[in-house]
Amino acid sequence: MLDLGRLEDLPQAYRGQLESLNLVPLWPSLRSVLPPDLPTRRTQPVHWPYQALRPLLMQAGELTPIEKSERRVLALANPGHGLERMQASAAMYLGMQLLLPGEWAPSHRHTPNAIRMVVEGEGAWTTVDGEQCPMSRGDLILTPTGAWHEHGHDGARPVVWLDVLDLPLVHFLEASYHVQGQRQRVAPGHGDRGYARGGVVPTRVFGRSRKAWPMLRYPWADARAALLSLAQDRPGLEPVQVTYVNPETGGDAQAILGFYALMLRPGQTLRLPARSPATVFHQIEGESEVTVETGTFAMDNADTCCAPGFAPITLRNRSAREPAFLFVADEAPLHRKLGLYEERR
Ligand code: GTQ
């Protein structure tokens, strides 16, 4: 490989002249911005055990009223990016949000896309562009870019969910902002009822529904049933996985991040190829083991972990009797759209 010159090799006076004209020599930095074969990744493999973070989230409920927080969230931050940046990976933000009985998180909309993966509790709801979506463990709820959303809670116990946003990317693009709104009027219609069965979609006599986001809530009961049915139908199938899609287009549910549910058969070990996008795993049911490069995380119920891109990942169901279910989020739609998507075996 060529031995490139260093900044210190240049005369001080010349460097000063460059700087005063806002000029920078490329060659001393060329290898750091274009490293050989593998990108430099700040994203580290990180595990956030739910049992450790839950008491701190509940404490936030005592320390900070909803009126003082708007959204009561602990961000799951990757130390590789610096904790203050609140990034799980280059494009993904993760947060654990707590809503207490009777609380209301006011309506707003913003440019980053968000989803909620419900972790615990019953009785809360998120209203997205007028559609009130009930929240139960494992349900996936979309709040796509620009959609009004507010959270309320009519139940008796705390409700917690995992937020996944493409905030770091949108912020990096200098395109991140929000708009405060009024309490929404709930409109009739539920995407998850209209699109309750795969293979058929609601059809109006006079043209299709023009909603860009026809389905906002993906009940866990349906995704789980789809995985069990797929596993039963194809006993030889290695990865038993479904993708959350827009039922009108068949494409990814959101434009930037991808969302999936994966089932590990009892005792199953699944080796995933190294892929360019970073990946997040959240344990919905059962117990598994996630090995990223050389480190292994023991994932219990409601645990979350992340893996950088280009890292081989091995998943293992730690139970020999019960299936394990993981919710997966990644940056694959973004990488595909940009032509950057890669898989290495
Ligand atoms: O619930 O609208 O974790 O706006 C971060 C930003 C949640 C939300 C987050 C948000 C929200």
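Both ligands and their constituent atoms are indexed starting at 1 by order of listing. Note that the coordinates shown come from a computational prediction; the quantities given were computed from them, not determined experimentally.
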Please indicate whether R71 has more than 12 foreign heavy atoms, meaning atoms of other residues, nucleotides or ligands, lying under 6.0 Å from its CZ. yes
Show the distances, to 0.1 Å, for all pairs joining an N/O atom of ligand 1 and a protein N/O atom that are shorter than 3.5 Å, listing one pair per line.
residue  : atom  : partner : partner atom : Å
ligand 1 : 1 (O) : R71     : NE           : 2.9
ligand 1 : 1 (O) : Q97     : NE2          : 3.1
ligand 1 : 1 (O) : R116    : NH1          : 3.0
ligand 1 : 1 (O) : H151    : NE2          : 2.8
ligand 1 : 2 (O) : R71     : NE           : 2.9
ligand 1 : 2 (O) : H108    : NE2          : 2.9
ligand 1 : 2 (O) : H149    : NE2          : 2.9
ligand 1 : 3 (O) : Y93     : OH           : 2.8
ligand 1 : 3 (O) : D163    : OD2          : 2.8
ligand 1 : 4 (O) : H108    : NE2          : 3.1
ligand 1 : 4 (O) : H110    : NE2          : 3.0

Between Q182 and S107, a side-chain donor and acceptor under 3.5 Å: no
pair P168-R85: side-chain heavy atoms closer than 4.5 Å: no
Are R275 and H335 linked by a side-chain donor-acceptor pair shorter than 3.5 Å? no
Quick check: do I66 and R72 have side-chain heavy atoms less than 4.5 Å from each other? yes
Looking just at side-chain N and O atoms, do T111 and T145 make a donor-acceptor pair shorter than 3.5 Å? no
